[in-house]
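To start, the structure itself, in structure tokens.
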Amino acid sequence: MKTEDVTAKRASTEVESVSKKQKIEDEDDTSMEEEEEEESDSDNEGLWSVDAEDDDVVRSPTINYSNMQDPEPEWDKDSYDGYELEFDADGREGFSSDKAYAEFREYKTKAFQNRGFLEDPFRYIYPIIDLDDLWITTTKRQYLSNIASLCVKKLNEEKGSSVEVVSIVRGNKKTENGWKLYITFMAREYPNGPLVEYQAKAKDFAGGRKPPFPILCRPASTIS
């Protein structure tokens, strides 16, 4: 990407936002580790456009997308519920071409609609790579399987179902006093049943000060 394009992107007045009926105070996100940011780098100029603030501009009562709050974890409550992605009418400024801006909007919309299960640099959500590498005392794949199983256990208790984890497809995480995990996995909804793609969200707290908390578990098809 050209240097002048990067500079233009950072000077952009793009104010894509997520609106919500209730008034909520903004909360800054915690940045991911530098290593993960490097692993997730992209040549797509739209992905790395940043919002610029101008104190002299009167803005509509919306919540900046990158500052959308993550509430305390609660079972079966998706933090994306109640929000809508909006783009400012002047958002084209700062992009080198209509094509670049269109790609930016397309990816940002897709990321928002996927609710954390697609890499979303605007929300500091990045993929967990090399799943067979070590994660503390086990592999990343086994760690994600353990967390997904925790979510499935809660789902089965609440719904009286018999879902079981079969294999991990991928995982994303966001750093926030530990990790918020977005896990895509294959499951069976009954013994010897067909494989169904499922999603699970959970919070794993820093330093193990609390046990992991299951947030939700659902078939992936329910949000497509």
Side-chain angles (χ1 to χ4, degrees), residues 18 20 22 24-40 63-83 111-112 114-159 161 163-187 198-220 222-223:
V18 177
K20 189 164 183 152
Q22 288 181 273
I24 301 177
E25 296 297 328
D26 285 350
E27 177 181 279
D28 290 338
D29 285 314
T30 303
S31 296
M32 294 293 293
E33 292 92 336
E34 181 179 350
E35 178 181 353
E36 289 179 347
E37 289 177 347
E38 292 174 355
E39 290 170 349
S40 303
I63 300 171
N64 187 284
Y65 180 33
S66 61
N67 289 335
M68 190 180 82
Q69 287 186 323
D70 285 309
E72 286 298 311
E74 182 179 354
W75 170 251
D76 209 25
K77 299 294 183 182
D78 193 331
S79 59
Y80 284 73
D81 287 344
Y83 289 94
F112 178 74
N114 277 267
R115 298 184 169 219
F117 293 94
L118 177 71
E119 179 181 3
D120 189 352
F122 315 106
R123 296 277 293 136
Y124 303 103
I125 297 171
Y126 297 96
I128 299 172
I129 63 173
D130 300 327
L131 295 184
D132 293 318
D133 284 357
L134 188 66
W135 179 296
I136 307 177
T137 60
T138 186
T139 65
K140 297 175 183 179
R141 189 181 304 278
Q142 186 59 53
Y143 170 72
L144 293 176
S145 181
N146 293 344
I147 298 295
S149 295
L150 177 69
C151 296
V152 164
K153 181 175 183 291
K154 179 66 173 178
L155 174 71
N156 290 340
E157 291 172 350
E158 295 292 325
K159 304 292 187 180
S161 52
V163 177
E164 62 176 345
V165 177
V166 175
S167 61
I168 299 298
V169 177
R170 59 185 173 273
N172 290 343
K173 81 180 176 79
K174 175 180 179 178
T175 301
E176 49 173 29
N177 298 319
W179 303 292
K180 190 169 186 180
L181 299 158
Y182 305 79
I183 306 168
T184 302
F185 63 98
M186 302 307 295
Y198 262 69
Q199 297 174 337
K201 288 187 185 183
K203 176 70 178 285
D204 197 0
F205 296 90
R209 55 189 175 86
K210 294 180 183 179
F213 189 97
I215 297 175
L216 60 81
C217 187
R218 63 195 175 199
T222 60
I223 66 165

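The figures here come from the full heavy-atom set of this structure, side chains too, leaving out hydrogens, waters and symmetry mates. All of these numbers come straight from a predicted model, not from anything done at the bench.
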Which distance, rounded to the nearest 0.5 Å, do you find between the OG1 of Thr139 and the CG of Asp130?
-> 11.5 Å
Just checking, any donor-acceptor pair under 3.5 angstrom between side chains of Tyr182 and Asn114?
-> no
Can a donor-acceptor pair be found between the side chains of Ser79 and Lys201 at a distance below 3.5 Å?
-> no
Residues Asp76 and Leu216: closest non-hydrogen pair is CA-CB, 4.3 Å
Are Ile128 and Trp135 close enough that some pair of their side-chain heavy atoms sits under 4.5 Å apart?
-> yes
Got Tyr143 and Pro212 here, is their nearest side-chain heavy-atom distance under 4.5 Å?
-> no
Which distance, rounded to the nearest 0.5 Å, do you find between the CZ of Arg115 and the CG of Asp120?
-> 12.5 Å
Could you tell me whether the side chain of Lys173 reaches within less than 4.5 Å of the side chain of Asp204, counting heavy atoms only?
-> no
Check the pair Glu164, Val152 against side chain to side chain contact (heavy atoms under 4.5 Å, CB included), reporting the backbone distance first and the verdict last.
-> CA-CA 7 Å; Glu164 62 176 345; Val152 164; 5.6 Å; no
Got a sec, which residues hit salt bridge (Lys or Arg N to Asp or Glu O under 4.0 Å) with Asp133, two or more places apart in sequence or on another chain?
-> none
Of all residues at least two apart in sequence or in a different chain, which pass the salt bridge (Lys or Arg N to Asp or Glu O under 4.0 Å) check with Lys154?
-> Glu158
Smallest separation among heavy atoms of Pro214 and Leu150, with atom names | CD-CD2, 4.0 Å
Non-hydrogen side-chain atoms of Lys203 and Glu176 separated by less than 4.5 Å = yes
Can you measure from CD1 (Ile215) to CG (Leu181) and round to the nearest 0.5 angstrom?
-> 8.5 Å
Contact summary for Arg170 and Phe117, nearest pair of heavy atoms = NE-O, 3.9 Å
Which heavy atom in Lys140 sits nearest to a heavy atom in Leu134, and how many Å separate them?
-> CE-O, 4.1 Å
Do the non-hydrogen side-chain atoms of Leu155 and Tyr198 ever get within less than 4.5 Å of each other?
-> yes
At their closest point, which heavy atom of Phe213 faces which heavy atom of Phe205, and how far apart are they?
-> CB-CE1, 4.0 Å
Aromatic ring pairing Tyr80/Phe112, orientation class (parallel under 30°, perpendicular over 60°, tilted between) | tilted
Atom CG of Leu118 and atom CZ of Arg123: how far apart are they, to the nearest 0.5 Å?
-> 13.5 Å
Any sub-3.5 Å donor-acceptor pair from Ser149's side-chain atoms to Ser145's backbone N or O?
-> yes
Would Trp179 and Lys174 satisfy side chain to side chain contact (heavy atoms under 4.5 Å, CB included), going step by step from the backbone distance to the final call?
-> CA-CA 6 Å; Trp179 303 292; Lys174 175 180 179 178; over 6 Å; no
Shortest non-hydrogen contact from Ile183 to Ile168?
-> CG2-CD1, 3.9 Å
Lys153: what forms a salt bridge (Lys or Arg N to Asp or Glu O under 4.0 Å) with it, not counting sequence neighbours?
-> Glu157
